[in-house]
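Worksheet: the structure to be examined is printed underneath.
Letters A, B, ... mirror the listed sequences (proteins, then strands); counts begin at 1.
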Amino acid sequence: MRLYNTLSRRLEEFVPAGDEVRMYVCGPNLYAPCHLGHAMSYIIFDVLRRYLEFRGYRVRHVQNFTDIEDNIILRARATGRTIQDLAEEHIDLFFRQMDALGIQRAHHYPRPTQEIDAIVDMVRVLLEKGYAYQAGGDVYFRVLSFPDYGKLSGRDVDSLMAGARVDPGEAKEHPADFVLWKGAKEGEPSWDSPFGPGRPGWHIECSAMSLKYLGQPLDIHGGGQDLIFPHHENEVAQSEAYSGRKPFARFWVHHGLLRLPDSPEKMTRHLGNLVPLDEALDRFGPDALRLFVLGSHYRSPLTYSEEALAAARAGARRLRLAATLEGGERGPEVDPSPYRERFLAAMDDDLATPQALAALFDLAAEINRARDEGRRTAHAQAVLRELAGVLGLTLREPTPYRADAVPFIEMLIEVRQELRSQRLYALADSIRARLLELGIVLEDTPQGTRWRPRED
RNA sequence: GGCGACGUAGCCAAGGGGUUAAGGCAGGGGACUGCAAAUCCCCGAUCGCGGGUUCGAAUCCCGCCGUCGCCUCCA
């Protein structure tokens, strides 16, 4: 498949270096619950992984949790809790939400507080090789010692000077230098190291942990476009300086960011302009969220709106009904292969999910036509479910209903059927209307009345 | 100031030198239905503005306007 590589700024043919795809995805900081933007990120990488696996690759998937960082320390202090406590709570929540979204779990979820040795070792080597220096209790990466600095984000060190912020009191040699190890401060967690007590800087964790769990080169390193600089640029520099080999990662995959229409900046937790993920999941269900995200190309920015999510929910229902309603007995059966080919061609082209979805919707329409004509649809429906599964769609009803209500619903349907056969339509209609108010949709078909939970 | 994107029907969103400019949602008309629902059929855009290149541009170039991302924590 062709995949856009931020490093080369071009589409390239993707083939893993070894016999499995080594994929590292930047995970969340654990100081607050996830929002819809995080869901977007993990849905996209989930689809990338699912498609690679569908294409026959074995994928080894690692995602970090950032459990030591300024925000967590501040949050823990403000709430009187430990950072471990805070981290555990958000990890639990993260897994519940990701499971609800149908995100396949990564093989490892390393956390910097549990990988201090690897991080310290990496800093030590960088110091030994002269790529890093100690100053004021901290250890910094010496950007000028790494000539390739800027190759990922397309910046040069000189142009960085213009906008660089230099905090008074910082002991950096150069404003673009970044911290590898932060010297211990009063009231902050710290670990012993050959360069004094302290804690890891932000960027170093991803380098140390990805190299430990996957090894160089990574085939794919991914995250949001907001991570290209400085986070990923710094990872490249410190990793390649450490190993003396390049590339650190062969493909860099970055997705566009989610934003709100009336607050067009990207959704982010510290701005508070967010849609909490648990709320979105409750209201729309996992398939609608996926359809919303995948209806736009992953590298484009995506604008959130209630209307767009409601539209995605309606689209999910359309696909679900096409995949699940029973077809007839007659031939000729629908041939799904042209739709399947379109789907694969789209996915092969830099994960063109909007076009892949278009193929699925067209297949759904074809199935519906065939069903209307009393033709067999089972095979085409199986293909529809298979391809939807590559996108992680469940095609299941998202709205829960109480199982113990089912006998009563069915009894009401029987009574209503009797009323209809006696042409007492006013009563029959009022039962249907009442059930709708209670959240149950009735549909009368030649094969009888069927029901489903109302979605809204 | 530097670097990078985006602007396509009411809404979301593909495409990216010659195609009837995908698909979804919403809306209108029709079929089916006792009525609905579901489904099917039909209906809508010349692509931010102004120049230019070309036989031909939504697609390339230049300028302008608007919006966003990064340069600081960030999916």
What is the distance from [atom1] of [X] to [atom2] of [N], rounded to the nearest Å?
X	N	atom1	atom2	result
N71(A)	U72(B)	CG	P	16 Å
R342(A)	G15(B)	CZ	P	14 Å
Q417(A)	G34(B)	CD	P	12 Å
L357(A)	C25(B)	CG	C1'	13 Å
D226(A)	C68(B)	CG	P	16 Å
I228(A)	A5(B)	CD1	C1'	10 Å
L101(A)	A75(B)	CG	P	16 Å
R313(A)	C25(B)	CZ	C1'	11 Å

Inter- and intrachain pairs under salt bridge (charged side-chain N to carboxylate O under 4.0 Å, His left out), touching residues 382-398 of chain A, at least two apart: R340(A)-E386(A)
Contact list for residues 440-451 of chain A, test salt bridge (charged side-chain N to carboxylate O under 4.0 Å, His left out), sequence neighbours left out: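 Non-adjacent pairs meeting salt bridge (charged side-chain N to carboxylate O under 4.0 Å, His left out): R416(A)-D444(A), R420(A)-D444(A), R432(A)-D444(A), E443(A)-R450(A), E443(A)-R452(A).
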What pair of heavy atoms forms the shortest contact from F292(A) to Y304(A), and how long is it? CZ-CA, 3.8 Å
Could you work out the separation of [N] and [M] based on their [atom1] atoms and round it to a whole Å?
N	M	atom1	value
A58(B)	G1(B)	P	32 Å
A57(B)	G66(B)	P	28 Å
C32(B)	C68(B)	C1'	48 Å
U54(B)	C70(B)	P	41 Å
G69(B)	A75(B)	P	15 Å
G17(B)	C12(B)	C1'	27 Å
C61(B)	A45(B)	C1'	25 Å
C43(B)	U33(B)	C1'	23 Å

[N] - base-pair partner by Watson-Crick or wobble geometry, distances under 3.5 Å:
N	answer
A5(B)	U67(B)
G34(B)	none
G27(B)	C43(B)
U19(B)	none

Can you list every ring pair (Phe, Tyr, Trp, His ring centres under 6.0 Å) pair that touches [range], not counting sequence neighbours?
range	value
residues 427-456 of chain A	Y401(A)-W451(A)
residues 306-337 of chain A	none
residues 338-359 of chain A	none

Please list, pair by pair, any protein nitrogen or oxygen found under 3.5 Å from a nitrogen or oxygen in nucleotides 7-14 of chain B.
{"residue": "C11(B)", "atom": "O2'", "partner": "E307(A)", "partner atom": "OE1", "Å": "3.4"}
{"residue": "A13(B)", "atom": "O2'", "partner": "G295(A)", "partner atom": "O", "Å": "3.0"}
{"residue": "A14(B)", "atom": "OP1", "partner": "S296(A)", "partner atom": "OG", "Å": "3.3"}
{"residue": "A14(B)", "atom": "OP1", "partner": "H297(A)", "partner atom": "N", "Å": "2.7"}
{"residue": "A14(B)", "atom": "OP1", "partner": "S300(A)", "partner atom": "OG", "Å": "3.3"}
{"residue": "A14(B)", "atom": "O3'", "partner": "Q355(A)", "partner atom": "NE2", "Å": "3.3"}
{"residue": "A14(B)", "atom": "O2'", "partner": "Q355(A)", "partner atom": "NE2", "Å": "3.1"}

With heavy atoms under 4.0 Å as the rule, sort [X] into base, sugar-phosphate or nothing.
X	value
L227(A)	sugar-phosphate
E69(A)	sugar-phosphate
G27(A)	sugar-phosphate
Y42(A)	sugar-phosphate
Y425(A)	base

For RNA chain B, find the residues of residues 375-391 of chain A with a heavy-atom distance under 4.0 Å and give them by number; none if there aren't any.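 Within this stretch, nothing sits under 4.0 Å of the strand.
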Could you list all the side-chain hydrogen bond (donor to acceptor under 3.5 Å, both in side chains) pairs where at least one residue sits in residues 312-321 of chain A, not counting sequence neighbours?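 Those involving residues 312-321 of chain A are R320(A)-E455(A).
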When you measure from the centre of the six-membered ring of Y4(A), is the NZ or CZ of R10(A) closer than 6.0 Å and no more than 45° off the axis? no
Closest nucleotide of RNA chain B for Y4(A) versus for A359(A): which of these residues is on the 5' side? Y4(A)
Between D362(A) and H203(A), which is nearer to the 5' end of RNA chain B once each is assigned its nearest nucleotide? D362(A)
Does R96(A) come within less than 4.0 Å of D99(A), counting only side-chain N to carboxylate O?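 No, R96(A) and D99(A) are not salt-bridged.
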salt_bridge(D350(A), R2(A)) N-O dist < 4.0 Å: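 No, no charged N to carboxylate O under 4.0 Å.
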Looking at residues at least two apart in the chain, or sitting in another chain, which of them share a side-chain contact (heavy atoms from CB on, under 4.5 Å) with A106(A)? H61(A), Q63(A), Y109(A)
Residue set satisfying side-chain contact (heavy atoms from CB on, under 4.5 Å) with D70(A), at least two apart, ordered chain then number -> K182(A), R199(A)
Per-nucleotide protein contact string for nucleotides 35-41 of chain B (B base, S sugar-phosphate only, - none; heavy atom under 4.0 Å): BBBSBSS
Donor-acceptor pair, side chain of R22(A) and main chain of L214(A), under 3.5 angstrom: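 Yes, R22(A) side chain to L214(A) backbone: donor-acceptor pair under 3.5 Å.
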With a 3.5 Å cut-off and sequence neighbours excluded, list the donor-acceptor pairs that the side chains of residues 277-285 of chain A form with protein atoms.
{"residue": "R283(A)", "atom": "NH1", "partner": "E306(A)", "partner atom": "OE1", "Å": "3.2"}
{"residue": "R283(A)", "atom": "NH1", "partner": "E306(A)", "partner atom": "OE2", "Å": "2.9"}
{"residue": "R283(A)", "atom": "NH2", "partner": "E306(A)", "partner atom": "OE1", "Å": "2.7"}

